[in-house]
Amino acid sequence: MVLGFMSLMLNVTEGEVSNICIPIKYANRMLPCRKTISLHDNDNDEADEDDDHHDNFFHHCSKGKTSLISQEGLTQLSFFIFVLACMHILYNLAVLLLGMAKMRKWKSWEKETQTVEYLTSNDPNRFRMTRDTTFARRHLSSWTETSMQLWIKCFFRQFFNSVAKIDYLTLRHGFIFAHLSSNNAFNFQKYIQRSLHEDFKTIVGISPLMWLTVVIFMLLDVYGWRVYFYMSFVPLIVVLVIGTKLEMIVAKMAVTIKEHNNVIRGSPLVEPNDKHFWFSNPRFLLSILHYTLFLNTFEMAFFVWITWQFGINSCYHDNREIIITRIVLAVTVQVLSSYITLPLYALVTQMGSSYKRVILEEQIANVFRQWHGRVRVKRKIEKTPETNNDNDNNGDIDLGESPTQSEVANDFGSLGKQPHILQEIPVHNQTER
C-alpha cells in the first residue's frame with residue numbers, strides 16, 4: 001500500500017519537482033559519478049529538441065541552473081522504490097525461513113521434555129551443586145570473572161553452537177516456572193514459533209524513518225565520498241553486537257544462579273526479567289534488528305537497481321573491488337542473521353518480564369471456531385423436524401452444546417495451563433441443561 005502511494009505521489013508531483021532548479025556548480029558537487037554538467041551542455045540541449053534526456057534535464061531552468069531531479073530521474077526513482085520493497089520482503093522471508101530451518105531441531109528437544117528420562121534427571125527433589133550442572137559448566141569459567149572477558153567469550157560463542165540444547169531446556173524451565181506455574185506440558189517450541197511469526201509482521205514493514213534514511217543516503221551518494229562502502233559495514237557490526245548481547249544475557253543468568261545459590265534443587269532456575277535487556281525493553285532489540293535488516297536490503301537493492309538501469313559497466317561500478325566487498329558483506333549479514341541472530345533472538349527475548357498474551361488468546365479463539373464448526377456439522381447430520389423449527393433462530397448455538405470442561409482442556413493441552421481469559425467463560429456440561 002505504501003509502495004503504491006509513493007509511486008502515485010511521484011507521478012502526480014513529477015512536474016513540480018522537476019521545476020526545482022539549483023546552480024550547476026552545486027549539482028556538479030553532488031553527482032554520484034565522475035562526470036560534470038556544463039553550460040555548453042545546456043546550450044546544446046536547447047538546440048537539440050530531439051534529445052529527451054537533456055530536454056527533461058534543462059528545459060525548465062534558466063541559464064546556469066539545472067533541475068534538482070529530472071522527470072527521467074523520478075521515473076528511475078519509482079523503479080528503485082519497487083526494487084527496494086521487493087528485496088525487503090524477499091530478504092526477510094529468506095531470513096525467517098533459514099532461521100526456522102535452523103530451529104527445527106528444537107522440536108525434538110521439546111519432545112524430550114515429556115520423556116521419563118528428562119523428568120527423572122530434573123527431579124525437583126534432587127539436590128546438586130550449581131557448578132556441576134551442565135548449564136553452569138557451559139557458561140561459567142575463568143573467562144566470566146570480569147565483564148570484558150565475558151563480552152569477549154560471548155562474542156566468539158555466537159559462532160559456535162550459539163543455542164545449545166541445555167540453553168533451550170534451561171530457559172524453557174525458567175519461562176514456564178515464571179508464567180505458567182511449572183506445568184511441564186506447555187509446548188515452548190510452538191510458542192516461540194508463533195511469537196516469531198508475530199514479530200515478522202513488524203520486521204517486514206518499512207517505517208517512515210526508514211524511507212527518510214533512504215533519501216539521506218541517496219543525497220549523500222557523492223562521487224569520492226564512498227558512503228555506501230562504509231555503510232555496508234554497519235549491518236555487520238550491529239548484527240554481531242546483537243548476537244553478543246543475547247549471549248551475554250544467557251551467560252549473566254548463569255552467573256546470577258551461581259551467586260545466589262551454591263546448591264540447587266532440580267533444574268537450574270533462571271529468572272525472566274526485562275532488566276536483562278537494553279533500556280529494560282526486549283522490543284528494542286527487535287527495532288534494531290528491523291533497521292539493520294533494512295539497511296542490508298537497501299545495500300543489495302541499490303546494487304540490483306543500478307545494474308538493471310545502467311548495466312554492470314556503468315560509472316557506479318568503476319571500482320570492482322569495492323563492489324565485490326559490499327556484496328560479500330551483504331551476503332555475510334544475511335547468513336549471520338538467519339543462522340545466529342534470529343534463533344538467539346527468538347529464544348532469549350522470551351526471558352522478559354511478560355509473555356505475549358495475544359498469541360495465547362488467538363489460539364483460544366481458534367479452538368472456539370473449530371468447536372463452532374463441529375457443532376454446525378453435527379446439527380446438519382442429525383437434522384430432525386424438531387430441530388428444523390429451532391433452526392429459525394439465525395443459527396444461534398444452544399448453550400447446551402457448549403464444550404465441556406474436559407473438551408476445552410484437551411484442546412488447550414499444548415498451552416500448558418488454562419489461560420485466564422478462558423477461565424472467565426462459563427462452560428456448561430450436557431447434564432446441566
Side-chain angles (χ1 to χ4, degrees), residues 93-124 126 128 132-139 154 157-200 243 246-247 249-251 253-254 257 264 266-270 272 282 334-352 355-356 359-360 362-363 366-367 409-417:
L93 276 174
V95 169
L96 180 65
L97 294 177
L98 292 174
M100 294 297 292
K102 176 71 178 298
M103 293 183 286
R104 189 177 302 171
K105 60 183 176 182
W106 295 6
K107 189 174 182 179
S108 62
W109 296 349
E110 186 66 34
K111 290 181 178 179
E112 183 180 326
T113 61
Q114 307 304 316
T115 61
V116 177
E117 292 79 5
Y118 175 82
L119 297 176
T120 303
S121 61
N122 294 276
D123 185 358
R126 179 186 177 190
R128 290 185 292 174
D132 293 334
T133 61
T134 307
F135 184 68
R137 289 199 303 268
R138 170 173 164 80
H139 294 284
C154 292
R157 166 154 288 174
Q158 64 181 314
F159 302 108
F160 308 99
N161 197 17
S162 57
V163 178
K165 178 180 176 181
I166 189 60
D167 292 341
Y168 175 86
L169 296 177
T170 303
L171 268 59
R172 174 188 182 274
H173 176 63
F175 178 89
I176 293 177
F177 187 88
H179 302 299
L180 301 167
S181 302
S182 68
N183 191 326
N184 195 60
F186 181 77
N187 195 319
F188 188 50
Q189 184 266 336
K190 285 187 177 180
Y191 174 82
I192 291 178
Q193 186 175 353
R194 290 193 295 264
S195 176
L196 197 58
H197 290 167
E198 193 71 21
D199 290 339
F200 180 73
L246 293 170
E247 289 284 358
I249 292 174
V250 181
M253 287 181 175
I257 294 176
I264 61 172
S267 301
L269 183 61
V270 296
Q334 182 78 2
V335 174
L336 291 177
S337 301
S338 303
Y339 286 97
I340 296 178
T341 309
L342 187 64
L344 270 173
Y345 167 84
L347 177 62
V348 179
T349 51
Q350 309 307 326
M351 294 296 102
Y355 66 96
K356 299 179 180 178
I359 298 177
L360 300 182
E362 181 181 351
Q363 300 305 308
N366 290 335
V367 168
N410 289 336
D411 286 330
F412 285 94
S414 64
L415 296 181
K417 77 172 186 177

Of all the heavy-atom pairs spanning Pro268 and His173, show the shortest one and how long it is. O-CD2, 3.6 Å

Would you give the length of the straight line joining atom CG of Asn161 to atom CD1 of Ile166, rounded to the nearest 0.5 angstrom? 11.5 Å

Working to the nearest 0.5 angstrom, can you tell me the gap between Leu119 CG and Thr113 OG1? 8.0 Å

Any side-chain heavy atom of Ile192 sitting closer than 4.5 Å to one from Phe175? no

Side chains of Tyr191 and Gln350 in contact at under 4.5 Å (non-hydrogen atoms): yes

Contact between Arg157 and Arg138 at the side-chain level, heavy atoms closer than 4.5 Å - yes or no? yes

One pair to check against side-chain contact (heavy atoms from CB on, under 4.5 Å): Leu196 and Leu342. What are the steps and the verdict? CA-CA 9 Å; Leu196 197 58; Leu342 187 64; 3.7 Å; yes

If I take atom CG from residue Asp167 and atom CD from residue Glu247, how far apart are they, to the nearest 0.5 angstrom? 7.0 Å

Minimum-distance pair of heavy atoms, taken over all atoms of Leu246 and Tyr345: CD1-N, 3.5 Å

Minimum heavy-atom distance between Gly352 and Pro282, given as atom pair plus value: CA-CG, 4.2 Å

What distance do Leu344 atom CG and Ser162 atom OG have between them, rounded to the nearest 0.5 Å? 4.5 Å

Using a 6.0 Å cut-off, check whether atom CZ of Phe200 has over 12 heavy atoms from anything other than its own residue. yes

Taking all non-hydrogen atoms of both residues, which atom of Met103 and which atom of Ala346 are closest, and how far apart? SD-CB, 3.9 Å

Side chain proximity check, Phe188 to Leu169, heavy atoms < 4.5 angstrom: no

Any chance you could lay out the salt bridge (Lys or Arg N to Asp or Glu O under 4.0 Å) test for Glu110 and Lys190, step after step, and finish with the verdict? CA-CA 9 Å; Glu110 186 66 34; Lys190 285 187 177 180; over 6 Å; no

Would you indicate whether the side-chain heavy atoms of His139 and Ile257 approach each other to under 4.5 Å? no

Look up atom NZ in Lys102 and atom CE in Met100, then write down how far apart they are to the nearest 0.5 Å. 13.5 Å

Classify the ring geometry between Trp109 and Trp106 as parallel (under 30°), tilted (30 to 60°) or perpendicular (over 60°). parallel

Thr134 side chain near Arg137 side chain, heavy-atom distance below 4.5 Å: yes

Set out, in order, the CA-CA distance, both residues' side-chain angles and the distance that settles side-chain contact (heavy atoms from CB on, under 4.5 Å) for Phe135 and Val250, then state yes or no. CA-CA 10 Å; Phe135 184 68; Val250 181; 3.9 Å; yes

Restricting to non-hydrogen atoms, name the atom on Leu171 and the atom on Val270 that form the minimum distance, rounded to 0.1 Å. CA-CG2, 4.2 Å

Checking the side chain of Arg172 only, and the main-chain atoms of Gln189 only, is there a donor and an acceptor separated by less than 3.5 Å? no

Closest non-hydrogen atom pair between Pro343 and Ser338, with its separation: CD-O, 3.3 Å

